Amino acid sequence: MLPARNEQETVGEIVRTIRRHLVERLPLVDEVIVVDSRSCDATARVAGEAGARVVDQDQLTRGLPRLEGKGDALWAGLAAARGDIVAFIDADLREFQPHFVTGLLGPLLTDPSVVYVKGFYHRPLESSADTERDGGGRVTELMARPLLNLCWPELAGFVQPLAGEYAGRRDVLEQLPFVSGYGVELAMLIDLLETVGLDALAQVDLGERHHRHQSTEALGRMSAQILYTAWSRLHRQGIVPDPEPPSGALTQFRRGGAQALPGLDREVVVHDVAVSERPPLAQLRVVS
Ligand SMILES: O=c1ccn([C@@H]2O[C@H](COP(=O)(O)OP(=O)(O)O[C@H]3O[C@H](CO)[C@@H](O)[C@H](O)[C@H]3O)[C@@H](O)[C@H]2O)c(=O)[nH]1
Ligand SMILES: O=C(O)[C@H](O)COP(=O)(O)O
């Protein structure tokens, strides 16, 4: 399953590669789902033409409170998926190879004690000027890894804790709440640690990963969502006793712009980075 928001440049090639190698040549993958996550571009059409089953985040969550971002797209996609094992692949990957899927599925198909597999890789930081070989994964290196080492040291062995490529047994994934936005991967690791234990979690080396880099400002908002998620888990574990959730307002300062403050040459930009969560799908099925 590929969550996709405005990924018309890359989603088609990923879907075609998976279909060519793992549906047509080798019948390993039963369905390739692209969750269209409120795209404004041709993502849905491109994915459909490449052979994906395209589902719409808003259609799947119709009648429920509107939540934002990737985590909600994944929850909707999981509800739509029919397989016993679900693999998640980001739709902005470049130079995508089928071993990203087979690598994630391998431990789940060969070892019944494994319930979840996380990918890891080298992450170059690529710009038009140059490439820093292992400079990518800036949120991971500057925020998520230090946070995990501090608060959840059992998870410190994950090489890429925020990786967007992972796979799990559906019955286990359906037991997990899904945090909205970019909090979803951190919450999933913490929740899996609590529900199935570290020995049921595996990681595989997928080589090298290339993707579309976001601006530092956007990564600041991503980091804030992940920190907000961490607060929710620390609160649930009783480590943070404060009953009130923190403010979700993140203040950033942007150079120039029509609203620039005189003498400061910056405008103040406030974003709401609070995350929310969808309940475990298994609970919804019981209720309905
Ligand atoms: O509202 C959204 C935002 C993103 N996406 C998709 O989610 C994937 C990953 O999003 P991206 O913005 O490319 O995230 P990264 O900058 O790559 O962030 C990294 O860190 C995030 C936080 O853990 C993870 O969610 C990502 O998978 C991981 O690659 C892409 O296919 C997006 O199109 C959605 O479906 N809906
Ligand atoms: O996983 C991360 O840390 C973020 O996606 C940022 O990745 P980048 O530094 O490779 O853009």
Side-chain angles (χ1 to χ4, degrees), residues 1-22 29 32-57 68-78 86-101 103-104 118-128 131-141 143-144 159-167 178 180-186 188 206-223 225-226:
M1 180 210 305
L2 292 82
R5 182 159 199 262
N6 298 333
E7 305 292 8
Q8 64 179 14
E9 306 299 330
T10 43
V11 70
E13 186 54 27
I14 301 172
V15 170
R16 269 191 298 279
T17 302
I18 296 173
R19 284 197 56 82
R20 193 181 318 128
H21 291 272
L22 305 177
V29 170
V32 182
I33 300 175
V34 169
V35 186
D36 182 23
S37 179
R38 303 181 187 139
S39 297
C40 311
D41 68 1
T43 292
R45 179 176 58 74
V46 169
E49 286 173 1
R53 174 155 84 97
V54 181
V55 297
D56 184 279
Q57 177 179 345
E68 297 297 326
K70 181 186 177 188
D72 190 48
L74 294 185
W75 187 76
L78 182 61
V86 182
F88 301 85
I89 304 284
D90 278 356
D92 67 325
L93 299 191
R94 304 212 164 98
E95 302 175 40
F96 176 81
Q97 304 273 337
H99 74 266
F100 268 59
V101 177
L104 294 172
K118 189 101 190 163
F120 71 91
Y121 21 61
H122 290 289
R123 301 189 60 168
L125 182 62
E126 294 157 318
S127 71
S128 52
T131 297
E132 193 182 334
R133 269 183 84 192
D134 284 302
R138 291 163 289 170
V139 173
T140 306
E141 300 305 332
M143 191 275 294
V159 184
Q160 291 293 335
L162 301 187
E165 292 70 40
Y166 42 91
F178 272 58
S180 63
Y182 290 112
V184 63
E185 277 82 22
L186 182 84
M188 201 179 286
L206 300 177
E208 189 162 281
R209 177 189 197 258
H210 303 263
H211 77 138
R212 170 187 31 76
H213 298 291
Q214 300 201 52
S215 67
T216 303
E217 193 181 315
L219 294 184
R221 294 191 288 275
M222 176 189 288
S223 299
Q225 289 188 353
I226 293 170

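Treat the numbers as computed from the prediction; the structure is a model and nothing was measured.
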Taking the basic N atoms (NZ, or NE/NH1/NH2) and the acidic carboxylate oxygens, is any pair closer than 4.0 Å for E165 and R209?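 Yes, this pair counts.
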Are K118 and E185 ion-paired here, with the side-chain N under 4.0 Å from a carboxylate O?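 Judged by the 4.0 Å cut-off on N to carboxylate O distance, K118 and E185 do not form a salt bridge.
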By ring-ring contact (aromatic ring centres under 6.0 Å, His included) - contacts of Y166 (at least two apart):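 Testing Y166 for ring-ring contact (aromatic ring centres under 6.0 Å, His included), a comparison that skips the adjacent residues, returns F88, Y116.
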Taking ring-ring contact (aromatic ring centres under 6.0 Å, His included) as the test, write out the residues that go with H213, two or more places apart.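 Counting only residues at least two positions away or on another chain, H213 forms a ring-ring contact (aromatic ring centres under 6.0 Å, His included) with H211.
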Side chains of [X] and [Y] in contact at under 4.5 Å (non-hydrogen atoms):
| X | Y | answer |
| --- | --- | --- |
| Q57 | S37 | yes |
| F178 | L78 | yes |
| E68 | R38 | yes |
| T10 | F96 | no |
| D90 | K70 | yes |
| P161 | L186 | no |

Please find the pair of heavy atoms, one from [X] and one from [Y], that lie closest to each other, and give the distance.
| X | Y | answer |
| --- | --- | --- |
| D36 | A44 | OD2-CB, 3.8 Å |
| R138 | G135 | CG-O, 3.7 Å |
| L74 | P3 | CD2-CG, 3.6 Å |
| P98 | L22 | O-CD1, 3.9 Å |
| P124 | T131 | CB-CG2, 3.8 Å |
| G136 | E141 | O-CG, 4.2 Å |

Roughly how far, to the nearest 0.5 Å, is [atom2] of [Y] from [atom1] of [X]?
| X | Y | atom1 | atom2 | value |
| --- | --- | --- | --- | --- |
| L125 | R133 | CG | CZ | 14.0 Å |
| Q97 | H21 | CD | NE2 | 7.5 Å |
| R212 | E9 | CZ | CD | 10.0 Å |
| R16 | R19 | CZ | CZ | 11.5 Å |
| Q160 | L206 | CD | CG | 10.0 Å |
| E95 | I14 | CD | CD1 | 11.5 Å |

For the residue pair E7 / T43, report whether a side-chain donor-acceptor contact shorter than 3.5 Å exists.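 No, because no side-chain N or O of T43 sits under 3.5 Å from a partner of the opposite role on E7.
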